[in-house]
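Everything numeric in this text was worked out from a predicted model, so none of it was measured.
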Amino acid sequence: MPDKDTSLDAHGIDLIKTLATEAVDPFLLLIDTTGLSAGLPTNLPVAFDRKSQSFKSVKPLIEEFRQAPDRRKGTATVETLASFIALVDRHKDEDSVLFGKTVWPDPKLTAVLDYDREGVPARNRSHRVVYAFPLTEEFKAWVNGSAKPMEQDLFAAFLEEHAAELAAPSDGERSTYEPLFKEKFATPSELIALSRHLEVFVSARVKQGIRLQTGERTIEFSEEHKDAKGEVVTIPGIFMVALPAFVDGDAVRIPVRLRYRIVSGDVKWFYQLYRWEFFLREQVGYDLKEAADKTGLPAFEGAPEA
């Protein structure tokens, strides 16, 4: 018998090549996600690798060719309330919300621009604007010096340097704080006069201090080695400061108690800001309300989800 012809024609060879290629080449599948979970796209594209018999995500490959972000994300930090309001207005939608942390020492306004919609799956909550209420240098100086004893020349210089932040008390402030502290308010001019008196008597000794029936105090200075009558200086008990606590913010009014201690003829001066954390918290609350009013967004006291 003649030998069987085992040769393959061109068509057979091409078929074998095709089958061999298909056996190892991955192919794309679309998986229907209906009913699986909220927040998924309708179909998920995956590649099935026949060689390893496994599914692989095609997202990394697709992301290599992305020409624009798939969504807005990131946190912008602003330095003023006006910038916060303007930037929120630029990017907000109907579901954006504001959060305000009003407690010292780290008050903060946060706008979550892609916040959750009511009654539908959660959004990403990853596009935000933050305003952290940066303090002014002037306010830092008052806070850092509060309740710290100062030599007389340093205290006099401090009052002179911060004269622009001294304020006259209103009638309401007088009626509230003078009975509370049993002290008399000083006007800015009286405090400046006091600082200049103290500069004159910087090398003098203090003889005594007396509280008057008016609620004011006096101290008497005398030069050493002289028999001349001592100079009496009236010391107010309380005064007001008014200055922006936050950069480009509204002025905050805070009552200040003025104190001194006499030790062996020397006097130490110090002041105490009265409940300044309360007044700052109050200002942060005002700013949160202003931001809500001007952006038209709901506002909540607290912090958003991480």
Side-chain angles (χ1 to χ4, degrees), residues 72-93 96-115 124-148 150 154-155 157-167 173 188 191 239-257 270-306:
R72 290 190 179 99
K73 57 185 175 181
T75 300
T77 302
V78 297
E79 298 296 323
T80 65
L81 179 63
S83 292
F84 177 81
I85 292 170
L87 194 56
V88 171
D89 263 338
R90 180 184 178 95
H91 294 291
K92 70 182 181 181
D93 62 29
S96 301
V97 297
L98 304 179
F99 289 89
K101 185 180 180 184
T102 60
V103 180
W104 190 258
D106 54 348
K108 181 186 299 182
L109 298 187
T110 301
V112 184
L113 301 165
D114 54 346
Y115 200 65
N124 290 291
R125 301 192 297 263
S126 58
H127 188 206
R128 305 186 178 201
V129 181
V130 171
Y131 169 51
F133 293 93
L135 292 176
T136 62
E137 293 302 318
E138 294 83 3
F139 193 82
K140 289 179 184 178
W142 281 101
V143 170
N144 291 338
S146 184
K148 294 180 180 177
M150 292 188 228
L154 295 178
F155 180 66
F158 181 87
L159 288 180
E160 288 275 2
E161 183 178 353
H162 294 276
E165 294 133 32
L166 305 175
E173 289 165 343
L191 280 170
F239 60 95
M240 289 295 301
V241 294
L243 70 159
F246 310 120
V247 175
D248 287 346
D250 295 332
V252 178
R253 297 178 65 86
I254 303 176
V256 185
R257 302 187 72 181
F270 62 97
Y271 63 86
Q272 295 172 302
L273 294 176
Y274 177 67
R275 297 181 64 193
W276 62 270
E277 297 97 333
F278 166 81
F279 292 104
L280 258 63
R281 184 190 188 284
E282 190 175 54
Q283 184 61 48
V284 172
Y286 293 148
D287 289 347
L288 175 60
K289 184 179 184 304
E290 181 180 350
D293 290 343
K294 290 187 175 180
T295 60
L297 297 178
F300 306 92
E301 285 204 25
E305 299 92 333

### Message
Centre-to-centre under 6.0 Å for Phe239 and Tyr271, is that the case here?
### Response
no
### Task
Kindly indicate whether the side chain of Val241, heavy atoms from C-beta on, has any atom under 4.5 Å from the side chain of Leu166.
yes
### Query
Under 4.5 Å between any side-chain heavy atoms of Ser96 and Asp93, yes or no?
yes
## Note on the structure
Between Gln272 and the options Tyr274, Trp276, Phe270, the side-chain contact (heavy atoms from CB on, under 4.5 Å) test singles out Phe270
### Message
So, taking the atom named CG in Leu288 and the one named CZ in Phe84, what distance separates them when rounded to the nearest 0.5 Å?
### Response
8.0 Å
### Query
When rounded to the nearest 0.5 angstrom, what is the spacing between CD in Glu165 and CZ in Phe139?
10.5 Å
Distance-only donor-acceptor hits, side chain of residues 292-306, under 3.5 Å, sequence neighbours excluded:
unit_1	atom_1	unit_2	atom_2	d
Asp293	OD2	Lys289	NZ	2.9
Lys294	NZ	Glu290	OE2	2.9
Thr295	OG1	Ala291	O	2.7
Thr295	OG1	Leu297	N	3.4
Glu301	OE1	Thr102	OG1	3.3
Glu301	OE1	Arg281	NH2	3.3
Glu305	OE1	Tyr115	OH	3.2
Glu305	OE2	Tyr115	OH	3.0

### Query
How many angstroms lie between atom CG of Asp287 and atom CZ of Phe133, to the nearest 0.5 angstrom?
5.0 Å
Could you list the donor-acceptor pairs under 3.5 angstrom formed by side chains in residues 244-255, with sequence neighbours left out?
unit_1	atom_1	unit_2	atom_2	d
Arg253	NE	Glu173	OE2	2.8
Arg253	NH2	Ala168	O	2.9
Arg253	NH2	Glu173	OE1	2.8

### Task
For residues Leu135 and Leu280, determine if any side-chain heavy atom of one lies less than 4.5 Å from a side-chain heavy atom of the other.
yes
### Query
What heavy-atom pair brings Ala141 and His162 nearest, and what distance separates the two atoms?
CB-CE1, 3.7 Å
### Query
In Å and rounded to the nearest 0.5 Å, what is the CZ to CZ distance from Phe279 to Arg275?
6.5 Å
#### Entry: CD on Glu161 to CG on Leu154, rounded to 0.5 Å
11.0 Å
### Message
Once rounded to the nearest 0.5 Å, what's the spacing between atom CG of Leu109 and atom CD1 of Ile85?
### Response
9.0 Å
### Heavy-atom pair with the smallest gap, counting every atom of Pro107 and Val284
CB-CG2, 3.8 Å
